[in-house]
Amino acid sequence: MRHTLIDTKGAGPVVDRRTTLRWFAAAMAAAPLAACGESPGGFTWTPPEPLTGPGYGGDPDLLEPSVPWPLTLTRAELAALTAMVDLILPADDNALAASEVGVPAFLDEWVSAPYPAQQQDRALIVPGLAWLDSESMSRNNGAVFASAGDAAQRAILDDIAWRDRVKPGAEQAAEFFARVRSLTMGAYFTSDDGWKYLGYLGNTPGTGDYPGPTPEALAHLEGVLNSMGLEMPT
Amino acid sequence: MLNFNRDAPLRGVGTPDKDFGYYDATVDGGWDIPDEPYTTAEGSNFMWWRSRMLGGRTNHWARNSFRMGSYDFKPYSRDGLGVDWPVSYDDIAPWYDRTETLVGVYGANLGMPNHPDSGPGVLHEPPAMRIWELYMKAGAEKLGIPVVPARRAILTRKVDERDPCYWASPCGRGCSIGAAFQTTTSLIPWAKATGKLTVQTGAMVYEVMLDAAGKASGVRYIDKASGAHREAKARVVILAASSGETARILLNSQPNGRSEGLANSSGQVGRNLMDTVGSRVSAYVPALEGRPIYNESGAHGLHAYIPFWLYEEQAAGRLNFPRGYHVEIGGGFGEPGMGGYDGYDGYGSELRLNVKKRYGASLGFTQRGEMIPNANSYCEIDTDTKDKFGIPVLKFSFAWSDHELAQVDQFQSAMRELIDQLGGEVTSEARPASELISTGGEIIHEVGTARMGDSADTSVVDRYNRAWDVDNLYLVDGSVFCSKAHKNPTLTILALSMRASEHIAGRLRSGEL
């Protein structure tokens, strides 16, 4: 059987079921933070313990990649995250919503990865999701963010989503939002549908010489250069 | 090669397990290797990339293949800094031709000073420039800055069993069709086909052995799988372990208790450590918004670049730094990645439209410049630290000098002027050169730790890469460099190595070895 190389590399112990359960328990422990219904000013940002399991190792299977670490976001966290990413990149006439291209599941994979950069994101995102629920419950008669409705959700995001008009006191929530926005956009545009939306055509093998720009692309460039008083290179 | 990043964990981004991304060709190597540390002197930063795999560094390079020119081989003669090489460009030119013919390099002969032409028929046709490169060329040439075809070790016509580039797959993943040069698809299988090659993988060499007559008799190594200490005997010992590792082996080889190490009567082993000077400027060009989409992958890296164009001004004393740099340019409809979204604001459909609007309208300018050797940059054995094999590790000291910082300043301002000419907005921060310059080793062009020369007093090897102190010991990696021209070092390593190989073969045939 082909196995990941993690257990042969001395990179750390293989994750056993008990460890996994402990991680889940730790993740679940964050949920009551949202449920305790503290007032807006009273929310405490408590970063979770960093995850320290093994990664995929220095020589992973390139042909059949797999994610060796367990996913750790709770159902409640995923619900808040899904509502949030679909506000960041909603469905419209020309594009699918973030959740329709798998962004929430990917962000779960991201914050569950045992690498320093991802754990730094986890320390911001897990409490951030709890903040969203806490904020929503205090404003919306106990309704968590996912079930607060579009207008109520937007009211919260409007306090944190624009760099130059962050509501005083919500700076950390704004930092959390900005990070989720960047990750959501990355996850979206690296997906198959994201490629199609942008029109990315690369990584497609061809034979013969590289064809170079299309006549249409060249004509467009010539127009741009002419308008700037520059000459088309020969 | 054609796997999608979205199929890999974390969409293929770099992690401590795979620094340059999930699909990068380097396995079991990187900036940090578990239990194989290196150290840095207090006050020094140095990054040491190590490839612990068959084919070594050739699994991981941009394939940029610029010849060193006549100025580059005699830098001391030109400006009084550093040292001259014992060889001239004319000595090496035929070896560049032979190397380029064997390797397969695309590019163009341009007749520019210190950017030598190749022999007739040597180069492959370079791929067509893309829209953003043509755009840059149009603006740059108005300022007298050339944008010309780059030179890269990538086939654009079939050579032997190797296929030409098929315009897909980032080269860093490794190229199984053989279009992008690496030894695992060329030199190693060719050597194996002779029936005379034995490859011993997983061998951690730590010492060159000497016989009673003072000749190299082989190497000692640790078999990484079993931990056993073994020996390999040889008539000629050739080290090509990378500049750092070659110096480490020599310094750790202490025949008859000679604490200065092997081949080090000059005291130069480990000294003169150099890396390429790096910094970046990025820009956004509204004029490129909404341009027609087509496949801009091409050969993935450079089709065009900016060679150093100020040699005359420099000779006339109008520049405040010595030596040169080239500019590696980036842009285009690249594969969307996980990074680059931090500048956006707000949320909603407008956000997505903005990404589409800006797609393909960003440009990047990367400086690759020459560093001059200085007394503060070297590596030595850290007598307090051993790796998991028990081998004493390297300790790096590194410092840029004012020469490199002045070069960064001039590059930054020249590119800002160019971006202005292009109607673009600079999107990178203006900061002091000391903050913009790369960390030593970061560009992975470290060279110079066992330089060649005309005298055994001031150099480690002679003009044929042969150790002055040990007649049958040769060094054929970047350690022998006397200067670190702004040109990426691999092509020159290959050319010098071929030249040394022929020298060795001649001596073997004549019975001298």
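Not measured: the values here are computed from a predicted model. Labels below follow one simple rule: chain letters A, B, ... track the order of the sequence lines, proteins then strands, and each chain is numbered from 1.
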**Item:** Distance (rounded to the nearest 0.5 Å) between B/D342 CG and A/M185 CE
**Value:** 9.5 Å
**Message:** Taking the side chain as everything from C-beta on, heavy atoms only, tell me whether B/S297 gets closer than 4.5 Å to A/T204.
**Reply:** no
**Asked** What closest approach, in Å, do A/L89 and B/G348 show between heavy atoms, and which atom pair accounts for it?
**Response** CD2-O, 4.4 Å
**Heavy-atom pair with the smallest gap, counting every atom of A/M228 and B/G423** = CE-N, 4.1 Å
**Fill in**
Nearest heavy-atom approach of A/F177 to B/G346 is CE2-O, 3.8 Å
**Message:** Just verifying a value: how many Å separate A/Y115 OH and B/T15 OG1, rounded to the nearest 0.5 Å?
**Reply:** 4.0 Å
**Message:** Counting only non-hydrogen atoms closer than 4.5 Å, does A/I88 touch chain B with its backbone (N, CA, C, O), its side chain (CB onward), both, or neither?
**Reply:** both
**Message:** For chain B, which candidate among A/L87, A/N94, A/V224 shows the most heavy-atom pairs at distances under 4.5 Å?
**Reply:** A/L87
**Message:** Which heavy atom of B/A8 sits nearest to which heavy atom of A/P65, and what is that distance?
**Reply:** CA-CB, 4.0 Å
**Request:** Find the distance between CG (A/D59) and CE (B/M53) and round it off to the nearest 0.5 Å.
**Result:** 8.0 Å
**Asked** When you look at CD of B/E289, are more than 12 heavy atoms from neighbouring residues, nucleotides or ligands closer to it than 6.0 Å?
**Response** yes
**Prompt:** Sub-3.5 Å donor-acceptor pair from the side chain of B/D17 to the main-chain atoms of A/Y56, do we have one?
**Reply:** yes
**Request:** Working to the nearest 0.5 Å, report the span between CG of B/D7 and OG of A/S66.
**Result:** 12.0 Å
**Request:** Taking the side chain as every heavy atom from C-beta outward, state whether A/N203 and B/H300 have any pair of such atoms under 4.5 Å apart.
**Result:** yes
**Prompt:** How far apart are the closest heavy atoms of B/D345 and A/R163, and which atoms are they?
**Reply:** OD1-N, 3.0 Å
**Asked** What option among A/G202, A/G199, A/S182 has the most heavy-atom pairs under 4.5 Å with chain B?
**Response** A/S182
**Prompt:** Out of A/A98, A/A178, A/G186, A/A113, which one racks up the most heavy-atom pairs below 4.5 Å with chain B?
**Reply:** A/G186
**Asked** If you round to the nearest 0.5 Å, how far is CZ of B/R352 from CG of A/L198?
**Response** 10.5 Å
**Fill in**
Checked B/G12, B/P170, B/S169, B/P164 vs chain A; the most non-hydrogen pairs under 4.5 Å come from B/S169
**Request:** Heavy-atom pairs under 4.5 Å with chain A are the metric here; pick the option from B/G332, B/A128, B/G340 that has the most.
**Result:** B/A128
**Item:** side-chain contact (heavy atoms from CB on, under 4.5 Å) assessment of B/F333 paired with A/L201
**Value:** CA-CA 8 Å; B/F333 296 119; A/L201 299 173; over 6 Å; no
**Fill in**
Under 4.5 Å to a heavy atom of chain A? For B/K356 that would be both
**chain A interface, residue from B/V355, B/T156, B/N3 that has the most non-hydrogen pairs under 4.5 Å** = B/V355
**Request:** Give, as side chain, backbone, both or neither, the part of A/Q118 having an atom under 4.5 angstrom from any heavy atom of chain B.
**Result:** side chain
**Request:** For B/E425, look at atom CD and say whether over 12 heavy atoms of other residues, nucleotides or ligands are found less than 6.0 Å away.
**Result:** yes
**Residue selection (most heavy-atom pairs with chain A, distance under 4.5 Å) from B/I131, B/D163, B/I293** = B/I131
**Item:** Most contacts with chain B, counted as non-hydrogen pairs under 4.5 angstrom, among A/T207, A/L157, A/V67, A/D164
**Value:** A/L157
**Message:** Is A/L230 close to chain B through its backbone or its side chain, or both, or neither, when contacts mean heavy atoms under 4.5 Å?
**Reply:** side chain
**Item:** Steps toward side-chain contact (heavy atoms from CB on, under 4.5 Å) verdict (A/L225, B/Y135)
**Value:** CA-CA 8 Å; A/L225 292 178; B/Y135 181 77; 3.7 Å; yes
**Most chain A-contacting option - heavy-atom pairs closer than 4.5 Å, from B/H303, B/R173, B/E141** = B/H303
**Fill in**
For B/Y23 and A/L62, the nearest pair of non-hydrogen atoms, with its separation, is CE2-O, 3.4 Å
**Item:** Heavy-atom contact with chain B under 4.5 Å, split by part of A/R154
**Value:** both
**Message:** Heavy-atom cut-off 4.5 Å, strictly under: side chain, backbone, both or neither for B/E350 against chain A?
**Reply:** neither
**Request:** Heavy atoms only, distances under 4.5 angstrom: which of B/G290, B/G30, B/G337 has the most pairs with chain A? Name it, please.
**Result:** B/G337
**Request:** Mind checking the CG-CZ spacing from B/L351 to A/R181? Nearest 0.5 Å is all I need.
**Result:** 6.5 Å
**Prompt:** What part of B/V147 is in contact with chain A, defined as an atom under 4.5 angstrom from a non-hydrogen atom: side chain, backbone, both or neither?
**Reply:** neither
**Message:** Heavy-atom cut-off 4.5 Å, strictly under: side chain, backbone, both or neither for B/L353 against chain A?
**Reply:** both
**Message:** Heavy-atom cut-off 4.5 Å, strictly under: side chain, backbone, both or neither for A/E109 against chain B?
**Reply:** both
**Request:** Please list, in residue-number order, every residue in residues 210-217 of chain A that has a heavy atom less than 4.5 Å from any heavy atom of chain B; write 'none' if there are none.
**Result:** A/Y210, A/G212, A/P213, A/T214, A/E216, A/A217
**Request:** Verify whether one side chain among B/Y347 and A/D86 offers a donor that lies under 3.5 Å from an acceptor in the other.
**Result:** no
**Request:** Name the region of A/I160, side chain, backbone, both or neither, that has any atom closer than 4.5 Å to a heavy atom of chain B.
**Result:** neither
**Message:** Please evaluate residues A/L183 and B/M338 with respect to the criterion side-chain contact (heavy atoms from CB on, under 4.5 Å), reporting the C-alpha separation (whole Å), side-chain torsions for both, the decisive distance (0.1 Å), and the verdict.
**Reply:** CA-CA 7 Å; A/L183 290 172; B/M338 280 303 296; 3.8 Å; yes
**Item:** Residues of residues 187-197 of chain A near chain B, each having a heavy atom less than 4.5 Å away
**Value:** A/A187, A/Y188, A/F189, A/T190, A/S191, A/D192, A/W195, A/Y197
**Prompt:** By a 4.5 Å heavy-atom criterion (distance strictly below it), what part of B/N5 contacts chain A: side chain, backbone, both, or neither?
**Reply:** neither
**Within-4.5 Å side-chain heavy-atom neighbours: A/D209 and B/E125** = no
